[in-house]
Amino acid sequence: MPRYADDLTLRLARRQYFDANGFGEGGYDEKWVKVKIGPLPFAFPNTAQRVRSVRLHDLHHVVTDYGTDMTGESEIGAWEIASGCRDHWAAWVLNLSAFGLGLLIAPRAMWTAFARGRHSANLYDGEYDEALLDESVRSLRSRLRLGAAAPAANATDVLAFVAWSLAGILVFGTALALTLAPLVLIVASLLRLLMH
């Protein structure tokens with residue numbers, strides 16, 4: 001059963017999504033994005049490119065019913081990669097990172113979301129417009145081909161999944177290394193001081 005009823009407007013459904021996840025007004029005007037991966041909190045700049053993409057990404061959460069926990073963000077990352085992020089460069093980077101993480105924590109869910117994305121559309125072929133919020137959840141689900149069961153995956157879907165998995169692992173690994181590098185340097189410096 002979908003979390004957001006078909007007859008709701010996207011405006012009301014997005015409001016429910018924000019409220020359920022403690023997102024306030026979506027954080028579009030914040031200078032920093034604060035996230036937690038497991039017990040580790042970190043922040044990154046909330047760039048104009050990220051805001052451009054996340055306004056559409058939030059609506060994707062509403063119509064796909066993917067959650068906002070690590071598995072849900074990984075699933076929607078796989079779905080958005082498979083359905084194409086076009087010129088939304090921030091979406092490509094963030095989704096590939098989520099894709100790589102998802103392969104570690106929920107590989108079967110990643111495949112299912114990716115295969116679904118290969119046979120549906122998303123909003124990244126356009127720009128966010130407030131008028132979009134007057135559309136119903138049902139209408140957008142239909143327009144993005146999310147209402148019916150996805151067709152069975154084919155060999156091209158499998159090859160695309162393998163290729164994007166490699167890209168996701170590379171981007172996630174790079175992001176992880178860059179995030180952990182300062183901690184490793186601090187620990188190494190402390191150990192060096194203690195050993196002398």
Side-chain angles (χ1 to χ4, degrees), residues 1-36 44-99 101-102 106 109-150 164 168 171:
M1 177 161 174
R3 266 175 236 182
Y4 305 99
D6 276 341
D7 59 346
L8 288 176
T9 64
L10 289 168
R11 186 179 316 281
L12 289 174
R14 187 183 71 170
R15 176 77 265 152
Q16 287 180 5
Y17 165 77
F18 286 166
D19 291 346
N21 291 289
F23 291 162
E25 295 304 312
Y28 305 136
D29 296 328
E30 300 292 326
K31 292 197 183 304
W32 293 88
V33 178
K34 297 171 187 114
V35 295
K36 255 181 138 174
F44 57 91
N46 194 20
T47 66
Q49 279 295 309
R50 181 195 172 272
V51 172
R52 176 180 176 241
S53 297
V54 82
R55 286 180 181 276
L56 301 173
H57 174 86
D58 287 341
L59 296 176
H60 290 159
H61 270 288
V62 168
V63 295
T64 62
D65 280 320
Y66 294 125
T68 58
D69 61 352
M70 286 194 305
T71 299
E73 288 296 347
S74 296
E75 287 174 307
I76 201 164
W79 180 82
E80 287 184 349
I81 290 290
S83 55
C85 297
R86 294 5 167 244
D87 66 343
H88 286 259
W89 308 115
W92 283 113
V93 171
L94 294 170
N95 284 330
L96 282 168
S97 294
F99 197 120
L101 172 63
M110 296 305 294
W111 164 248
T112 302
F114 185 85
R116 182 185 189 200
R118 291 275 296 169
H119 300 279
S120 58
N122 68 41
L123 295 171
Y124 288 140
D125 60 351
E127 296 297 323
Y128 175 80
D129 182 339
E130 284 290 316
L132 180 63
L133 298 179
D134 295 326
E135 187 174 346
S136 73
V137 171
R138 175 185 293 109
S139 172
L140 185 57
R141 283 181 176 143
S142 176
R143 192 158 50 101
L144 301 183
R145 299 187 306 273
L146 291 167
W164 284 114
V171 171

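Worth knowing before you read on, the calculation uses all heavy atoms, side chains too, and leaves out hydrogens, waters and symmetry mates.
Taking the ring-ring contact (aromatic ring centres under 6.0 Å, His included) definition, one finds that Tyr4 meets it with nothing, sequence neighbours left out.
To the nearest 0.5 angstrom, Arg138 atom CZ is 12.0 Å from Leu10 atom CG. We find the CD-CG distance between Glu135 and Leu8 to be 13.0 Å, quoted to the nearest 0.5 Å. Taken to the nearest 0.5 Å, the CZ atom of Arg145 stands 10.0 Å off from the NE2 atom of His119. To the nearest 0.5 angstrom, Ile81 atom CD1 is 7.5 Å from Phe99 atom CZ. Distance check: His60 NE2 to Asp65 CG gives 13.5 Å after rounding to the nearest 0.5 Å. One distance of note links CG of Leu144 with CZ of Arg116; it measures 10.0 Å at 0.5 Å rounding.
A heavy-atom distance below 4.5 Å is not found between the side chains of Trp92 and Asp87. Residues Thr9 and Leu133 form no side-chain contact, since every pair of their non-hydrogen atoms from C-beta on lies 4.5 Å or further apart. By the 4.5 Å heavy-atom criterion applied to side chains, Val171 and Asn95 are not counted as neighbours. Using a 4.5 Å heavy-atom cutoff, the side chains of Glu130 and Arg11 are in contact. Counting only heavy atoms from C-beta outward, the side chains of Trp164 and Leu96 approach each other to under 4.5 Å. Thr64 is listed as a side-chain neighbour of Leu146, based on a closest heavy-atom distance under 4.5 Å. Between Val137 and Asp7, every side-chain heavy-atom pair lies at or beyond the 4.5 Å cut-off. Residues Ser53 and Trp89 are not in side-chain contact: their nearest non-hydrogen atoms beyond the backbone lie 4.5 Å or more apart.
Annotation: cation-pi geometry not satisfied between Arg86 and Tyr124 (NZ/CZ under 6.0 angstrom from ring centroid, within 45° of ring axis).
Judged by distance alone, the side chain of Arg55 and the main-chain N or O of Tyr128 form no donor-acceptor pair under 3.5 Å. Not one N or O on the side chain of Asp129 forms a donor-acceptor pair closer than 3.5 Å with the backbone of Leu132.
Between His61 and Tyr17, the angle of the ring planes stays under 30°, which puts this pair in the parallel group of the 30/60° scheme.
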Under 3.5 Å donor-acceptor pairs involving side-chain atoms of residues 24-35, not counting sequence neighbours:
unit_1 : atom_1 : unit_2 : atom_2 : d
Glu25  : OE1    : Arg15  : NH1    : 3.2
Glu25  : OE2    : Arg15  : NH1    : 3.0
Tyr28  : OH     : Asp58  : OD2    : 2.6

